[in-house]
Amino acid sequence: MRYGVGFQMSDRRIYLETMGCQMNVLDSELVRGQLRALGFVSVDDASDADLVVLNTCSVRQHAEDKVYSRLGEIGRLKQQRPGMVVGVIGCMAERDHEGLSGRSMPVDFLCGPGNLHEIPTLIEQVYASRGSNVPNASSRPTALSQDRSRSVPAAQRSLEEDGIESLDLSRSATGGNVLQAYVRVQRGCDKFCTFCVVPWTRGPERSRPPAHILKEVHRLADAGTREITLLGQTVNSYTYDEAGRLVTFAELLARVHEVPGIERIRFVTSYPGDFTDDIFEAMRDLPKVCEYLHLPAQSGSDAVLQRMRRQYTVSQYFDLLDRARAIVPGIALAGDVIVGFSGETEAEHEATLQLIERAAYKNLYIFKYSPRPGTAADRRLPDDVPDEVKRRRHAEVTHLQERISFKHHQQWLGRETEVLVEGPSKAAAKARRTEGSPDPALAWRPRDQLTGRTRTDESVVFRGPDTLIGQLARVKVTASSALTLQGELIEANGPRT
Ligand code: SF4
């Protein structure tokens, strides 16, 4: 059996590595499903693969540096196995076409996030360009690495949604994790925050038809998925014109809530500027919608927010947090901040520390600013905060949040709560892997320890049988740290808190 001009069954081992956000995790799953349908089999090691695909992230310089370093390692593998095909997909493939197509790069094809449905065609083009040679049959360098004057086949981003939409719809079940699944409700972003590459790499904001989203959720529920996370860059700004009537995000939540088999619904990432109270009301009134909200602030200074072109002020942000807490009892909030953005003074940094203290986040994602080529900040604003200052500010924010998270977790002590049991804890998984090891340091590890997640996204570790995996259970919290909670099992399938 052959696919197109190049592939044979013996050539179909794929290694796919994912970097970056939840969108990329979902994209990788869809790409894997697409290639699985063509007979590809996943392997865990790039050195065993015929096709190596890196799904990349452009959101920070550090993420891109990591990709170049990985490509260096993969290039060395490819020298030993010249038949190997290497693809770079995702945001970096869209943003850094020139760098990745360079003469020294081992890359055979590039594909941006808006064209992932074209991957089979791109792979076919790579093999077609090698004439009748099949990859493993030749020890010659690839045609492209011999002749860099030819351009690497790259899918151009298109605003037509048909192909990429059908890729989302082609999904029949999740890959590794059946219990929890991401479902995209929106592509791209129109906000153009000055530091961000997403509007360039993922294109303009487009909401998917509710019927498509529901079809996907039904299929996942039938396959055993219990928890759905709806994904969008600014998920709360979802809106779809359905025969002249606008479907809002709150209404979409209500429709997903009706799908039998789904026990929990989450959504990320929200944009503070577009948040309306009907979403809080949906969180309060729909029992399956979890009381957890990720609401990036980015800075505690109005001047910095303005330079970032965030479309809200600090006081509007706090007003939103106050409304969230007033309308949704027990809601847990998570945030993002960027330290060391262009021109950030000590006073502006101090304002961010104050915001974090007052917001009392459950957890916080902290980033050191790095200019992204092509963004407005890169073109117009100097990267003038020295790196050692950024590092110091990053450490200050981290220490503050650790203290807040620890305090937040302490409030859980003695409480009973519902968890969705995800699987063995990390310690139990390691104990099972090292079963029979003579190392006494491993002997204490409990093999029957499980991890469950609360509705507010806390991780709780407790002892229980594997039969609980995939079920809701009730646990009592007995100990806490800044990162996790420990508990004991009260009962399986407990009622909701
Ligand atoms: S809202 Fe801003 S930070 Fe978020 S994806 Fe859009 S441009 Fe980027």
Side-chain angles (χ1 to χ4, degrees), residues 19-27 55-64 90-96 112-114 157 159 164 182 184-208 229-239 249 266-276 279 293-314 316-317 320 333-342 344 352 355 361 364-381 383:
M19 297 154 202
C21 64
Q22 295 103 326
M23 278 289 181
N24 270 12
V25 174
L26 173 58
D27 284 344
N55 192 0
T56 58
C57 171
S58 273
V59 80
R60 309 208 191 271
Q61 185 58 46
H62 178 67
E64 293 202 347
C91 290
M92 220 174 137
E94 188 73 42
R95 195 204 69 69
D96 191 18
R157 182 166 64 73
L159 291 184
I164 193 73
Y182 294 128
R184 193 186 335 264
V185 302
Q186 197 188 45
R187 298 180 191 283
C189 181
D190 283 342
K191 300 289 183 242
F192 289 94
C193 301
T194 56
F195 56 83
C196 183
V197 285
V198 167
W200 312 102
T201 58
R202 289 191 178 262
E205 183 186 304
R206 289 146 292 168
S207 292
R208 295 182 65 206
T229 301
L230 304 177
L231 291 186
Q233 305 297 153
T234 57
V235 70
N236 51 309
S237 61
Y238 175 92
T239 174
F249 185 62
R266 303 183 185 278
F267 56 92
V268 282
T269 293
S270 296
Y271 182 75
D274 291 340
F275 216 101
T276 46
I279 302 174
L293 187 61
H294 180 204
L295 204 57
Q298 306 303 10
S299 172
S301 151
D302 281 341
V304 176
L305 289 177
Q306 221 170 11
R307 294 201 290 279
M308 290 176 166
R309 206 193 288 141
R310 301 287 285 182
Q311 296 160 28
Y312 52 86
T313 62
V314 173
Q316 286 167 335
Y317 182 79
L320 190 58
L333 299 163
D336 284 9
V337 295
I338 296 174
V339 297
F341 186 67
S342 175
E344 187 188 65
T352 296
L355 174 135
Y361 295 117
L364 179 67
Y365 301 91
I366 309 157
F367 303 100
K368 223 164 44 123
Y369 174 64
S370 61
R372 309 310 302 125
T375 57
D378 182 50
R379 281 181 276 120
R380 296 191 211 125
L381 300 170
D383 179 23

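Predicted model only: the values in this text are computed from it and were never measured. Order of appearance sets the numbers: ligands from 1, and atoms from 1 within every ligand. Numbering of residues begins at 1 and proceeds along the displayed sequence.
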Item to check | Stepwise salt bridge (Lys or Arg N to Asp or Glu O under 4.0 Å) test for Glu64 and Arg372 | outcome: CA-CA 10 Å; Glu64 293 202 347; Arg372 309 310 302 125; 3.0 Å; yes
Next on the checklist: Apply side chain to side chain donor-acceptor pair (under 3.5 Å) to residues Ser237 and Gln186 and explain how you reach the verdict.
Outcome noted: CA-CA 9 Å; Ser237 61; Gln186 197 188 45; 3.3 Å; yes
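- Within the structure, ligand 1 has Arg310 among the residues with a heavy atom less than 4.0 angstrom away.
- Residues satisfying the side-chain contact (heavy atoms from CB on, under 4.5 Å) test with Asn24, not counting sequence neighbours, are Thr18, Asp27, Asn55, Cys57, Arg202.
- Under the side-chain contact (heavy atoms from CB on, under 4.5 Å) criterion, Thr229 pairs with Tyr182, Glu227, Leu231, Arg266, Val268, sequence neighbours left out.
- When the options Thr276, Thr239, Leu230 are evaluated for a side-chain contact (heavy atoms from CB on, under 4.5 Å) with Phe249, the one that passes is Leu230.
- In this pair, His294 and Tyr365 present their aromatic rings tilted. The plane angle is within the 30 to 60° band.
- Annotation for ligand 1: atoms under 4.0 Å from non-hydrogen atoms of Phe195 are 3 (S).
- Residues that satisfy the salt bridge (Lys or Arg N to Asp or Glu O under 4.0 Å) test with Asp302, not counting sequence neighbours, are absent from this structure.
- Excluding waters, the set of protein N/O/S atoms under 2.8 Å from atom 6 (Fe) of ligand 1 reads Cys189 SG.
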